[in-house]
Every structure is written in C-alpha cells, then in structure tokens.
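Throughout, a chain's letter reflects where its sequence line sits, starting with A, and its residues are numbered from 1. Keep in mind that what you see is a predicted model, and the values were worked out from it rather than measured.
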2 protein chains.
Amino acid sequence: MIDRMHLRILREIERQGSLTAAAKALNLTQSALSHTIKKLEAQLGAPLWTKEGRNLQLTQAGAYLQREASRLLPQLERVDQVLRQYASGDKGTLRIGMECHPCYQWLLKVVEPFLQRWPGVDVDVKQQFQFGGLAALFNHDIDILVTPDPVLRDAITFEPVFPYEQVLVVSRHHPLAEQAFVSPQQLTDQTLYTYPVSAERLDIFQQFLLPAHCHPGRHKTLEDTDMILQMVAAERGVATLPQWLVEEYAQTMPIRPVRLGKDGVHKHIHLGFRNASADDQHIRTFIEFARAGMGDGA
Amino acid sequence: MIDRMHLRILREIERQGSLTAAAKALNLTQSALSHTIKKLEAQLGAPLWTKEGRNLQLTQAGAYLQREASRLLPQLERVDQVLRQYASGDKGTLRIGMECHPCYQWLLKVVEPFLQRWPGVDVDVKQQFQFGGLAALFNHDIDILVTPDPVLRDAITFEPVFPYEQVLVVSRHHPLAEQAFVSPQQLTDQTLYTYPVSAERLDIFQQFLLPAHCHPGRHKTLEDTDMILQMVAAERGVATLPQWLVEEYAQTMPIRPVRLGKDGVHKHIHLGFRNASADDQHIRTFIEFARAGMGDGA
DNA sequence: AGCAATTCATGAACATAAATAATGATTTTA
DNA sequence: TAAAATCATTATTTATGTTCATGAATTGCT
C-alpha cells in the first residue's frame with residue numbers, strides 16, 4: 001500500500017516546505033504531486049496534512065509516516081547502492097572448491113592478482129565436500145572447481161588452465177635420485193606417501209602403477225604436503241607431486257624430482273564452472289588469471 | 001529504484017519456489033511477473049536469478065535483495081497497519097490545553113469516558129503556554145483549548161460546553177456565610193486568594209469588583225486549589241471558584257459558597273479548536289462527552 | 001521412449017495509472 | 001491593490017503494467 005514514492009513525497013515536502021518545491025525536487029510537476037497525494041489520502045481514508053491557507057501541517061498520521069520515511073528511505077537507498085555494486089562486479093564472493101591437494105600453492109598465486117583486480121570481492125576456498133566437488137558445483141555451494149580430473153557433464157564446463165608433470169619425489173640421497181626416470185617396478189619395494197584420498201583419484205595408481213599391475217611396497221597417507229616431504233627428506237619413503245611444486249620445495253629441502261616412466265605423467269589443472277555462470281565477470285577474470293598468471297610461474 | 005513490489009516479488013518467489021506460484025500469490029499473471037522481472041534485471045544491469053532448466057537459483061545480488069526484502073517488507077507492512085489505525089481513529093494523541101485552573105477537576109470527568117471510547121488514543125494535558133493558549137492552538141501544540149474566556153477568531157471555533165456559576169468561597173464561620181449574596185463593597189476589607197494570573201483574566205475583578213470600582217482588602221495568589229481552600233477554611237481570606245467545585249469540597253471542608261451579587265456571575269467552560277480539525281473524530285467525541293457527560297455531574 | 005503437463009519467455013493488444021498542460025481559486029507579498 | 005506564488009482541478013497525453021495468445025524448453029508419467 002505505502003510505496004517508496006509515498007515515503008519520498010513525505011520526506012521531500014517536509015524538507016522543502018511546499019508542494020511546488022517538493023515536486024521540483026522529485027522531478028515531477030506540482031500537478032502530479034497534488035494528484036498523487038490526493039489519491040494516497042483517499043486510499044488511507046485519512047488526511048496526512050491539514051491545509052491552512054498556503055502552508056501544510058502534518059497530521060498525526062502524517063507525522064508518523066514522515067518519521068518512518070526518514071527511517072526507511074536511507075535503507076532502501078543503501079539497497080540500491082549495494083545492488084549497483086553487485087552489478088558492476090565491485091562486490092561479491094567467489095567460492096572456489098579444491099579437489100587437488102597440492103593445487104593450493106598454485107591457487108594462491110592466482111588469487112592474489114584476482115583480489116587486486118576486484119578489491120570488493122571476497123574469495124572463499126573450500127576443500128571438503130560432502131558429495132564431491134562436482135556436486136558442490138551443481139548445488140551452487142561453489143562457483144569454481146579446481147581439479148586435475150575433469151568430468152564430462154552437460155551443464156558444466158572444464159577448462160585446462162595449467163599443464164604440469166606429475167613426478168616422483170625422493171630424497172637427494174635416495175638410490176633413484178640419479179635416474180632419468182623410474183619404472184613402476186622400481187616402486188614395488190618403496191613406501192609411498194600420498195594424501196588421504198581413494199586410490200582412484202591418485203594418478204600414481206591410475207596412470208602408472210596399476211597399468212603395469214604393480215603396487216607400492218607400503219602405502220601411507222598424510223594430510224599435509226610439508227609433512228609428506230619431511231618424510232621423503234628423511235628417507236622414510238617416496239611421494240608424487242607436481243614437478244613445479246617439488247622444484248620449489250627442493251630449494252630448501254634435500255629432495256629431488258624423478259620422472260615417472262620414460263615419457264612422464266602429464267596433467268592439467270582444470271577449472272570447472274557452471275555454464276550458467278560463464279558470463280560472470282569474476283569467473284571470467286579468474287580463469288583468465290589462472291591461464292595467464294601462471295604461464296611463467298612454473 | 002527498488003520498489004516495494006520488487007521486494008515482494010523476491011520474497012514470494014523464494015517462498016513459492018516458482019514464478020507461476022509466486023505470480024498467483026501476488027495476484028498477477030505469470031506473464032506480468034516475467035515482464036516485471038525482466039525489466040528490473042535490465043535496470044539493475046545484473047541478473048537476480050540464474051535459470052537452470054525449470055528452477056530458479058538466486059545470484060549473489062538476488063540473495064542479497066532477498067535478505068533485504070525479508071527485513072524491510074515487515075517494516076513496511078507495519079507502517080500500513082499503524083496508518084490504518086490512525087485512519088480508523090484507533091490511534092493518536094489528543095492534546096488538551098487548559099486555561100482555567102479549576103477546570104482540571106471537571107476535565108478529568110470528561111477524559112475518563114473518552115479514554116474508554118478510544119482505548120488506543122492518549123490524552124495529553126498541558127497547562128503552561130509560552131504565548132497563551134490561543135497561540136498554542138494556532139501552533140498545533142494543542143488540539144483543544146479549555147477556557148472560560150472564548151475569543152472570536154477566524155480559524156478557531158469556541159463551543160460552550162458547561163455552564164457554571166462563579167461564587168465566593170468563605171469559611172463556614174465567616175460573617176458573609178449566611179448571606180444570600182455579597183456586594184462588591186463587602187469585599188473591600190477581605191483578603192482575596194486567587195490563582196497567580198493577571199487580573200484581566202479573573203472574573204472576580206472584571207465582572208464584579210471593577211465595574212463597581214471596588215478593590216479587595218488584600219490580594220494574594222496561590223498555585224493550588226487545595227491550598228487556597230485551606231486558607232479559606234482557616235479564615236485567612238476568601239476566594240472565588242465554580243460553584244460545583246465548591247460544593248464538592250464543602251463535603252469535606254468547613255467552607256461555603258456565596259453568590260456574587262444578586263444575580264450571580266454566570267460563566268461557561270468553552271472548548272476551542274481549529275476549524276481545520278472540526279472533522280476529527282477524537283475532537284468531535286471529546287466535545288460531545290464534554291457537553292453530555294457533565295450535564296448531570298454539576 | 002514418447003506424450004502430456006508444467007513452466008517460463010515473448011510480442012502485441014489492451015487497460016489502467018500516472019504525468020502534464022492549462023486554468024482557476026486562494027493566499028501572500030510588495 | 002496589483003503581482004506573484006501556491007495549491008486544486010479538469011481534460012488530455014503519455015507511460016506503465018497487465019493480459020492474451022503463443023512458443024520453446026523442461027519435467028513427469030505410463
């Protein structure tokens with residue numbers, strides 16, 4: 001019943017003191033304002049002003065409405081403003097899901113320029129999914145999924161953004177450290193450290209050991225990349241990681257990368273997003289930065 | 001920009017889950033809703049929903065607007081409700097100004113049924129005026145002026161609501177107590193107690209003493225009716241009050257009324273109100289009660 | 001699968017509401 | 001008292017919102 005315009009009229013008439021001035025301030029003719037007021041008062045069944053001679057005097061109902069106007073209008077104006085920020089992309093949250101443990105290091109390098117480009121936009125990174133990253137994408141729990149293993153789906157697009165080679169990490173003093181590459185058979189007496197995820201999601205199994213019908217001597221899991229590399233450095237076992245990540249750590253730790261097989265295991269980090277959000281500015285620039293920003297970094 | 005209807009649309013679509021259902025709830029056709037939404041999104045420059053297949057998913061901007069809708073709409077609805085109360089007269093404040101000290105006792109008897117008739121309406125009684133009661137009425141500081149002395153003015157109407165006789169009050173043992181009436185000359189050796197107002201506003205001077213070119217022996221002022229009567233009872237002097245008020249007090253105090261002159265001084269309590277507020281329900285019923293309610297009381 | 005039902009989008013016609021222009025009555029100012 | 005200003009009112013134009021008719025896409029059902 002009471003509309004935003006009504007509140008504005010109340011406020012402006014109090015501010016300006018006259019109908020004519022208020023009409024001007026509202027970009028209306030005096031006539032239009034007069035009509036609108038008349039209609040409003042008729043709807044309410046009560047006058048909002050008493051008109052004595054030339055100047056208006058608020059009735060009690062009018063005074064009440066005027067107080068409410070001065071309270072509510074700023075709130076509505078703020079809504080407009082925030083909405084404009086959303087529209088211009090100045091505001092929002094980009095929710096990123098991670099399905100690949102070591103990618104976190106890489107992600108940080110993409111997030112950094114993104115945050116600079118969109119100072120008002122937050123980035124929210126999630127790593128745990130109740131029904132997997134793809135389901136999280138479907139459910140709108142996340143907007144972008146970072147994964148090395150894209151899946152073909154109708155409503156989802158995966159884009160490869162960063163190629164890398166998955167390598168074996170061994171201690172600098174490890175017998176395999178000097179080899180150009182390792183064979184699956186050479187891992188059958190090794191202790192293999194991996195993240196605690198199912199074997200189907202580990203390339204070392206899917207693309208290297210299982211095709212050769214091999215198994216590692218022992219398989220242990222650790223949550224944390226640093227911890228895994230500690231173990232490797234201490235010659236308690238071997239692990240697999242992206243080569244660029246190993247090289248980074250190798251500067252401060254006694255570890256070495258060794259190629260998996262003669263040709264190596266080559267992968268891509270993919271970014272998945274809903275097709276419906278393909279036009280989203282934030283998502284577009286994020287993908288852009290992911291592709292470009294790391295072109296040299298590795 | 002954001003209008004109340006927009007907020008309602010956001011809320012209803014969330015509640016109902018579909019455009020068609022929301023349209024029904026808003027008493028619109030599905031088509032009208034669709035058009036309105038399209039226009040709103042065009043104005044904002046950003047979508048509020050992403051449409052995947054059949055069901056709608058709020059964007060971040062949409063989710064924000066939806067939260068604001070659920071916050072602001074109840075407030076707007078409350079405004080409607082209160083405004084309806086004002087219109088029906090269920091709510092408001094009747095501000096009464098008093099220009100006659102003893103009238104307070106009388107006023108209470110009128111206010112009582114008024115408060116019962118309008119349970120939501122407050123009564124505010126003011127007795128002090130910076131520029132007099134009439135100016136307070138003009139300035140909208142009060143809505144009704146209670147006075148024994150009406151003044152002819154264009155924009156103000158005075159209605160006599162209660163006739164009374166102004167009488168002299170003396171102690172039961174006072175020499176004048178047994179007389180049928182007193183003459184002005186008989187007061188020239190008396191101490192006269194009055195309220196602390198200028199002599200022009202005191203009937204005892206204007207209508208009784210001055211026309212006979214008399215003066216009281218002494219003139220003292222007191223704020224309070226009870227205090228004046230204490231003085232009279234203690235035979236420290238005499239005073240003038242409405243007869244009905246004296247009779248009331250005479251039941252518990254040793255005092256007596258005596259007529260002023262052979263014919264007595266006859267007055268009316270008048271109620272003054274702005275002509276502009278003549279239609280006001282509260283004012284109308286107050287005047288009505290003032291006339292009727294006290295018809296017997298005195 | 002295929003058919004029916006449902007949902008949303010769209011363009012054109014229509015109805016309603018809102019804004020304006022023109023004018024008049026009233027009030028204030030000079 | 002004349003001139004200026006304010007608000008109300010009527011008729012007219014303009015704009016906005018609504019409906020109708022229809023189509024495309026999706027979902028449910030058998």
Whole-Å distance separating the CD atom of A:Gln30 from the P atom of D:dA4
18 Å
Any carboxylate oxygen within less than 4.0 angstrom of a Lys/Arg side-chain nitrogen, looking at B:Arg95 and B:Asp122?
no
note: B:Leu28, atom CG; C:dT7, atom C1'; distance rounded to Å ~ 17 Å
In whole angstrom, what separates B:His6's NE2 from D:dT16's C1'?
12 Å
Quick one: A:Ile13 CD1 to D:dT6 P, roughly how many Å, whole number?
13 Å
For atom CG of B:Asn27 and atom P of D:dT18, their distance in whole Å:
11 Å
Spacing of B:Leu33 atom CG relative to C:dT7 atom C1', expressed in whole Å
13 Å
Checking contacts here: which listed nucleotide (C:dT7, C:dA9, C:dG11) is nearest the side-chain heavy atoms of B:His35?
C:dG11
Looking at C:dA9, D:dC7, C:dA18, which one has an atom nearest to any side-chain atom of B:Lys51?
C:dA9
If you count every heavy atom of other residues, nucleotides or ligands that lies below 6.0 Å from A:Lys267 atom NZ, does the total exceed 12?
yes
Is the A:Phe162 ring parallel, tilted or perpendicular to the A:Trp106 ring (thresholds 30°, 60°)?
parallel
Out of D:dT6, C:dT10, D:dA8, whichever nucleotide has its closest atom nearest the side chain of A:Thr20
D:dT6
Heavy atoms only, 4.0 Å cut-off, all strands: where does B:Leu56 land among base, sugar-phosphate and nothing?
nothing
Counting heavy atoms from C-beta on, name the nucleotide in C:dA19, C:dG11, D:dA8 closest to the side chain of A:Thr29.
C:dA19
Would you call the rings of A:Phe289 and A:Phe114 parallel, tilted or perpendicular, where under 30° means parallel and over 60° means perpendicular?
perpendicular
Name of the residue among B:Arg84, B:Arg11, B:Arg8 meeting salt bridge (Lys or Arg N to Asp or Glu O under 4.0 Å) with B:Glu77:
B:Arg11
Over how many whole Å does the gap from B:Met5 atom CE to C:dT16 atom P extend?
16 Å
Atom pair distance, as rounded to whole Å: NZ in A:Lys24 and P in C:dT20:
14 Å
side-chain N/O A:Lys39 vs C:dA18 OP1/OP2, d < 4.0 Å:
yes
Can you tell which of C:dT20, C:dA9, D:dA8 lies closest to the side chain of A:Ser31?
C:dT20
